[in-house]
K.L.:
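Following this message is one structure expressed as C-alpha cells.
Throughout, a chain's letter reflects where its sequence line sits, starting with A, and its residues are numbered from 1.
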Amino acid sequence: MNDDTIALRAEGLYKVFGRHADEAVIQLHRGTPRDELGAGTTAAVIDASFEVRRGEIFVVMGLSGSGKSTLIRMLNGLHDATAGTVEVAGERITDIPAKRLREIRQKRISMVFQHFALLPHRTVLDNVAYGLEIQGVALDERIARARKVTEIVGLKGWEEKHPSELSGGMQQRVGLARALAADTDVLLMDEAFSALDPLIRREMQDQLLELQAELGKTIIFITHDLNEAMYIGDRIAVMRDGRIVQIGSPEDILTNPANDYVEQFVQDVDRTKVLTAESVMRKPRAVVHIGAGPRAALTIMRDEQLAGAYVVNKDRTIVGWVRDRDVFDLVRRGEKDLAPVIRSDHGAVATDTALADLFIPSLEAALPLGVLDSRDRLVGVIPRVTLLAALGGEPEAAATATPRPDPLPAEVVDQVLESAVGSRAAHAKEAI
Amino acid sequence: MEFRIPVGTWIDGFFDWLEDSFSWLFEALRQLFIWMFDAVDWVFATPPALVVIALVAVAALLARGWKFAVGATFGLLFIMGVNQWDNAIDSLALVLVAAFLAVVISLPLGIWAARNDTVSKILKPVMDFLQTLPAFVYLVPALGLFRIGVAPGIIATLIFAMAPGVRLTELGIRGVDKEVVEAGQAFGAHPRRILRQIQIPLAMPSIMAGINQIIMLSLSMVVIAGLVGAGGLGGDVAQAISALNVSLGFEAGLSVVVLAILLDRFTASFGKGLGLYSRWRRSYVAKKEADQQARFDAEEEVARGGRRPVASH
C-alpha cells in the first residue's frame, strides 16, 4: 500500500504497566499469557499493529478493560509505548523529544474525550479556539475560525455561553468543534458519545458521518458499543484482553467472525442495520435486453420458470420490468417491440441500502427485489428467501431452501372435489 | 547505664553549626523581615485609626456585602475602644508578612509535589512534622538564630503555617479532572501552560482554602510569638499571663478574636462571588459576552443579505 494513503500506522505496540515492563514484553512476545506475568505487572495492550487510511473511520471496539483507551492514548503519546512504534503521516511519534511531540499534537492529531474535558472557566468560543491558541494563531483569526467551526457543529448563538450552561450533547459538540478547529488530519475520539443518552448519541453519530463526508478527516474512534462501531466504522478492530483479535469491515466481522469471541460478540448486533443489499444479493436470473423483442423475453421467462423479468439497456442500466402474460399477448399479436408493456415501477434499491430498509420494497416488488449500483445498473436481485436467510445469519441457507410447494391447479382440485361430492351423495343415498 | 538518646545535644550542635556557618544569611533574613514588617506596619499605623476603619469597611463591603462591613466596623471600633489598636496593627503586620512569605514558599512547593510523586512523598512527612511539633519549640532555635524581636516571630510563624498551603495546593492540583489536563496535552500545550491555564484556575478553590488556613494559623502563632518579644497583641497576652492580669488578658484576647474573624472572612470570600466587587465583575463579564454575541449575530445578519437585525428572544 502506498504510504501517502496511510494516515497512521501502529506496529507491534505494547503497553505494560508496573514493574519489569520490558521483561514482560519479551515474555508476551514468546507467548506467555497475560495473566501469568505476575502480580504488579499489567499488560494493557499487546502487540497491536494496524494501519489507518486517510479519510477513513477506524473503530477500535472492545469491552472495558480490553485496552482500547490505553491504545488510543498511545497514538498521540499521552501514554508512552513500552514497545513498538506509532507513525503519524509517515513520522514516528514514539521515542521522540517532548517538544517535537507537542508540535505533532498541535498540527497532526487532535482528540475528543469521553467526558468532554472542556475548560469550565472559558466560554464555548474560547474552548473551541483552544487548539488554535496553543498553535499560536493570532486572536482575530482564531476567533474567526472558531466561529466557523462552532457554526458547523450547530452551536451558533451559543458562542459566549459557558460549558456548564450546555446540555451533554451540546458540550460534546464543543469538544468535537475544538478538535475540528485545530484542523488536524487525524481525530482521535475516545468513547466520545458513550456519555450521551441514546437519542442524542444517534444524532451525534449522524452528524459525525456528515462532517466526515464533508471534511474527509481520518477518524479513530473508540467504543464499547458494537452497534455504534458497526454504524460509523469503515473498518473495525475488535480488541480483547489487550490484543486485537480481528480487523475488518463491519460486514466482514459480522459474516466472518475470526473466532468464537467475536462471534459471540456480534450475536446481538442488529444485522438488518449492518448488512447491505450488496452483501446478500444474488445474480439476477432473468434479465431481458430491451432490444431482444417479445419472443426472446418469453423464452427466457419460460426457461427460468418466472412470471416476470427485468428489462435492461445494453450497458445493464435498468429500464423496467415485464410480466409474462403481457409478453405472451405481444407474441400472440405478432408484435416486435417490447416497449409498450414495460412497467417502470421496478422498485429497485441501491447497493448500500441496509437490510432493514429492504423489507417493504421487497413486499411491494412483484419480482425478486432489484439492486442497482451507483450508475443505475442492475447488479443483483434479492429474492424474499434470501432476505430471510440473511436475517437468520446463514445466507447460504437460501440456496438449499425447500421451494414452496406450488398449489395444485384450481381446475384439478375442483374436479376432485366435485367427484368426491358426487360419491358422497351416492353413499348418502345408499344410507337412506 | 542510663538509657539516653542525646537528641537534644545533636540538635543543639546542628543549630550551633547553622549559626556559625550561615550567620550572614540569618542576619540578612532578619533585616529583610524587619524591613517588611516596618513597611506593612507603617501603612496601617500612619493614618488615623478611624480612617483605617472606614477603608476596611469599604473593602468589606466590596468583598462580602454590607453585613460584613457593619460587623467589621464594630469589631475594629471595639479594638480601638479597649486601647489595643496599636497592638492589633502590629499583630496584623506580623500576620501579613508571615502569611505572605508562607504563601510564596508553600504554593510552589505544593505545585511541585502535585507534579512529582517523589517530592510529594518527601514533603508529606516533613509537613506532618512541621505542623505537629509544638509551636513553642520553634521559638527557641528561632531566638538563637534571629535574636529577640519580630524576626524570630515571623520565621516561626511561617514555618508553622506553611503546611496547609502546601497540602491544599497539592490536593487541588491533583484533584483537577484528569481528562481536562489530558485535553491540554492532546492539543500540544506545554506543561507550564497547562499549569497556568488549566490546573491552577481549576484548583483555585482549594488553593484559596489553603491561603485562608495559612492566615489563620499565622494569627494563632503570632500570639505565641509575643512570648519572644514580637510585640503586638501577643505581647499583651504574655504580659497578662505573667502578671495574672485578667482584664488585660481578655481585652487583648478578644481583639485577637476580632482580628481572626476579619481575616478569615476576608480570605474566605476570595473567588466566592460574594460582595459588590464580584457583582460588578459578573455583570461586566456578562455584558461583555452579551455584546460579543450580539456582534456575532449582527455580523451574521449582514452576511445573510444586509437585513436589519430583528429583535429575537
Side-chain angles (χ1 to χ4, degrees), chain A residues 69 72-73 75-79 98-127 129-136 143-144 147 150-151 156-163 175 178-179 181-182 184 187-188 190-191 195, chain B residues 115 117 172 175-208 271-273 278 281-304 309-313:
Chain A
S69 264
I72 200 174
R73 278 168 172 71
L75 302 183
N76 66 351
L78 286 181
H79 284 334
K99 186 164 179 291
R100 183 73 198 131
L101 182 59
R102 283 199 296 274
E103 281 169 15
I104 289 174
R105 286 171 180 168
Q106 285 173 18
K107 290 176 193 141
R108 299 239 176 262
I109 190 159
S110 53
M111 191 161 178
V112 182
F113 293 85
Q114 179 172 9
H115 301 290
F116 325 137
L118 303 176
L119 311 186
H121 51 300
R122 291 180 166 215
T123 61
V124 167
L125 199 62
D126 289 343
N127 264 293
Y130 182 69
L132 297 171
E133 182 185 331
I134 289 169
Q135 287 172 22
I143 292 295
R147 278 181 63 189
T150 311
E151 182 171 353
K156 210 177 151 36
W158 294 83
E159 288 94 339
E160 293 297 320
K161 300 275 191 239
H162 284 263
R178 177 173 65 180
T184 57
L187 220 63
L188 303 180
D190 178 24
E191 299 254 11
Chain B
R115 301 169 61 148
D117 288 342
V176 170
D177 184 359
K178 198 171 132 271
E179 246 192 5
V180 181
V181 176
E182 274 186 338
Q185 293 170 338
F187 284 92
H190 192 278
R192 273 201 299 274
R193 187 171 199 156
I194 295 176
L195 183 70
R196 184 163 49 85
Q197 291 186 327
I198 298 177
Q199 289 172 310
I200 290 183
L202 294 187
M204 218 47 192
S206 180
I207 293 175
M208 289 316 298
K272 285 249 180 80
S278 307
R281 175 154 177 79
R282 264 203 304 273
S283 67
Y284 170 75
V285 170
K287 185 161 157 29
K288 207 178 85 181
E289 288 173 358
D291 286 353
Q292 179 87 324
Q293 188 74 57
R295 198 155 52 241
F296 290 164
D297 293 348
E299 277 173 34
E300 170 71 13
E301 283 297 325
V302 172
R304 234 193 271 151
V310 182
S312 63
H313 301 284

K.L.:
Is any side-chain heavy atom of A:Lys156 less than 4.5 Å from a side-chain heavy atom of A:Thr150?
P.N.:
no

K.L.:
Pick one of side chain, backbone, both or neither for A:Leu132, based on which atoms fall under 4.5 Å of a heavy atom in chain B.
P.N.:
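For A:Leu132, no heavy atom lies under 4.5 Å from chain B.
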
K.L.:
A:Gln135 versus chain B, heavy atoms under 4.5 Å apart: side chain, backbone, both or neither?
P.N.:
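Neither part, no heavy atoms under 4.5 Å.
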
K.L.:
Within the structure provided, determine whether A:His121 and B:Leu202 are in side-chain contact (heavy-atom separation under 4.5 Å).
P.N.:
yes

K.L.:
Which answer fits A:Tyr130, side chain, backbone, both or neither, if we ask what part of it has an atom under 4.5 Å from a heavy atom of chain B?
P.N.:
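Side chain only.
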
K.L.:
Are the side chains of A:Arg105 and B:Gln185 in contact, using a 4.5 Å heavy-atom criterion?
P.N.:
yes

K.L.:
With a strict 4.5 Å heavy-atom criterion, list every residue of residues 190-200 of chain B that contacts chain A, or say none.
P.N.:
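So far as heavy atoms go, B:His190, B:Pro191, B:Arg193, B:Gln197, B:Ile198 are the residues that approach chain A to under 4.5 Å.
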
K.L.:
Please identify, among A:Arg122, A:Lys107, A:Glu133, the residue contributing the most non-hydrogen atom pairs under 4.5 Å to chain B.
P.N.:
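So the answer, after comparing A:Arg122, A:Lys107, A:Glu133, is A:Glu133.
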
K.L.:
Check each atom of A:Ile104 against the heavy atoms of chain B and say whether the ones under 4.5 Å are side chain, backbone, both or neither.
P.N.:
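For A:Ile104, there is no contact with chain B at all, as no heavy atom is under 4.5 Å.
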
K.L.:
Assess whether a salt bridge exists between B:Lys287 and B:Asp291, defined as any Lys/Arg side-chain N lying under 4.0 Å from an Asp/Glu carboxylate O.
P.N.:
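Salt bridge flag = yes for B:Asp291 with B:Lys287.
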
K.L.:
Decide, yes or no, whether a salt bridge links A:Glu151 with A:Arg147 under the criterion of side-chain N to carboxylate O below 4.0 Å.
P.N.:
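Answer for the salt bridge query: no.
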
K.L.:
Which bit of A:Leu118 comes within less than 4.5 Å of chain B, counting heavy atoms only: side chain, backbone, both or neither?
P.N.:
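Contact with chain B is through the backbone of A:Leu118 alone.
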
K.L.:
Tell me, side chain or backbone of A:Arg73 under 4.5 Å from chain B's heavy atoms, or both, or neither?
P.N.:
side chain

K.L.:
In terms of heavy-atom pairs under 4.5 Å, which option from A:Glu103, A:Arg178, A:Lys99 contacts chain B the most?
P.N.:
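Heavy-atom pair counts peak at A:Arg178.
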
